[in-house]
Amino acid sequence: PTFEQDRWRMLHDAVISIQSNARATTSEEELYRATEDLCLHNLSEKLYHQLREMVDVHVGRRLNELVSQTLDATPFLQLVADCWSHHCSQMQNIRSIFLYLDRTYAVPAPTIDSIWDMGISLFRKHFESETCTRVKHKTLTFMLALIEQERNKEVVRRDLLKSLIQMFSSLGLYEPLFLPSFLDETNRFYSMLSVRLIHSIDVPAYLQQVDASLNDESARVDSYLEPSTRRPLLHAVENHMLRSHAQTLLDRGFSPLVDQMRIDDLIRFYLLLSRISALEDLKRSFVDHVKGTGQDLVNDGSRERTLIQELLSFKERMDLLVVKAFNRNAIFVSGLKDAFSSFINSKENRPAELIAKFIDGLLRSGNKTSTDEELESTLDKTIVLFRFINGKDIFEAFYKKHLAKRLLLGRSASIDFEKSMIAKLKAECGSTFTTKLEGMFKDIELSRDLMEGYCKLPPASRPQSFDLSVNVLTLGCWPTYTPCDVSLPEDAYNAQESFREFYLKSHKNRRMQYQHSLGHCVLKAHYQYGTHELCCSLFQAVVLCLFNNADTLSYTDLLNASKIDATELKRTLQSLACAKLRLLTKSSRGPHIQDGDLFSFNRDFRHRRYRIKVNSIQIKETNEESVATNREVAEDRQCQIDAAVVRIMKTRRRLSHNDLVQELVRQLPFPLKMHTVKLRFESLLEREYMARDKAHADIYEYVA
């Protein structure tokens, strides 16, 4: 007994010294030997329980001292942190004394805590006891209060919070005790904050606040919270600040950001909504905005002159947003395509016509506003716009008309660019689409060779006293032109007949018809103040030549002598007598031509240039020509529908109405109107290309 009592007294006094922070009177080596002696005499179990009882009493006493404390948050939490810190330090010193006991008795036994774990277990037991409930509650409450102060931009002691968080983690109380309360407070805080901010600041500022809050919470985890807290903590912020108000933010602030090209704010919008898997909602708002803006542009009749350029600029801006703000996300790329396709085709044929007209302006001579590189880039962008058009046959019809005028009137800025454009269309729509356009270029080249052969004829075979140039066009490749009668001057008529005879000698069984409406020539006119060369249309030249024999002629005289259609004659006279260049004078005032007007050769005409281009009203696109072109395309579509129906029925023999319509939609390259389809079906039934099934009226059968 004396052996056991002496050694236990030595160890007991040492533990008391450690717990009271007093200096030990016995060396650590002696204490270690005392522990070893007791263990070697099979007193390990008794020694372990005696040590546990001492630690239990000491921890209980220290924590009970905190129950009566009435300090504020930071001083109280400092006491708790100090209590925990001292306990850990003391347990380390005690373990070093009882190391032999720990290694030989506690650690090998699976049911017995090591000395360190015993100290942790005892601290948790007292911290969770009913006696210390107030200490536990105040510690948790004060910690959450400090964190809220920090969220409100007040300075708090992060080192203190970190120590206490480590205490909760070591005690195994972080997840069951601290984390639920912390997340509840987080939900409450950000729920109130989001409701307050959503009604008090604009959307960009709100998004910045959300971004800052997420960064603050992430930094809080890095500083003193457990890493496992990051996901639920950020989820709570996202849920209250973003998910609850996502649609409100999109409705209130998305469109202005797009209109103002606020790329940084849109990047933030994209990144934040991607966190809550709401990119589909963002894409929907983006598509709706593009559709709405595009619809306003297309429906604004006053913008038709600049519509295509505005659409190109709009497309360029939206592409920039998709690349920079939305990270080239596939759903935004696809959504942008769908939006453009939707609003461009909402006005049926007009955008296709305007795109053809816009390209005509780019490729026509006189376009000096851009370099070759800029022109090529603009054509590429226009092709992208063309890609969205459903009725590409409308575009083809108008493009062919404009191309014909550029080629026949020598108004093309560059044949290389013309062929480049044809190549782009071919790559986009296939070789069938550009066959006729390529045929037009081929005709021009063949005509050049023909004229070289004609010019080599002996002078006796070429009776004209002027240079003649004729383009021979293949009827199927070029636009359809209504023949216009005109009474040509004798020299011009003889020249035409001379070339006709030359051409038909080498091309038998062909028929040639001159299109006078496309002709143009250069006249030499002598005025009182000098001589000028006038570049004008054939109709203008015929009218001017009539004044070689008379100084004044009435409208009726001009109509009878020229044989030009009345509407065309009035348009021609307007360009000569009412335009900026007054080559003729008329008796009445005003821009309109009256049947009783008299016209005189303006001998007093003067101009600083020798060669003058006379603007010709007749070659400008008129509303009637636009309507006629659309009508031609509509008629051509009817023929295509008929041919497609017969082809399908010949293959399938028997089809229901709905199946036949679906097959037509799949095969035809233009949008179908159900009214037109119904009329074509009725026409084919009347012409007995197909028949209705007698038992089922909605089923068609092919008639051989």
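- With sequence neighbours excluded, no residue forms a side chain to side chain donor-acceptor pair (under 3.5 Å) with S334.
- Ring planes of F499 and Y454: perpendicular class, angle over 60° (limits at 30 and 60°).
- For K347, the NZ atom is densely surrounded, since the number of other residues' heavy atoms within 6.0 Å is greater than 12.
- With E701 as the fixed residue, the side-chain hydrogen bond (donor to acceptor under 3.5 Å, both in side chains) test singles out one of R692, R654, R652: R654.
- K442 and E445 are not joined by a salt bridge, as no carboxylate oxygen comes within less than 4.0 angstrom of a charged side-chain nitrogen.
- In this structure, E376 pairs ionically with K424, as a charged nitrogen and a carboxylate oxygen lie closer than 4.0 Å.
- Within the structure, no pair that satisfies the salt bridge (Lys or Arg N to Asp or Glu O under 4.0 Å) test touches residues 287-299, not counting sequence neighbours.
- Of the N and O atoms on the side chains of N658 and Q662, not one donor lies less than 3.5 Å from an acceptor on the other residue.
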> So D636 and Q640, side chain to side chain donor-acceptor pair (under 3.5 Å) or not? Walk me through it.
Replying inline: CA-CA 6 Å; D636 185 58; Q640 290 187 58; 3.0 Å; yes
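- K570 has a carboxylate O that lies under 4.0 Å from a charged side-chain N of D595, or vice versa, which qualifies the two as a salt bridge.
- Taking the centre and axis of the six-membered ring of F386, the NZ or CZ atom of K392 falls inside the cone set by 45° and 6.0 Å.
- A cation-pi contact, defined as under 6.0 Å to the ring centre and within 45° of the axis, is absent between K324 and Y270.
- Between F398 and F395, the gap from one ring centroid to the other reaches at least 6.0 Å.
- Checking Y503 against R510 by side-chain atom types alone, a donor-acceptor pair falls below 3.5 Å.
- With sequence neighbours left out, the side chain to side chain donor-acceptor pair (under 3.5 Å) criterion links S412 to E418.
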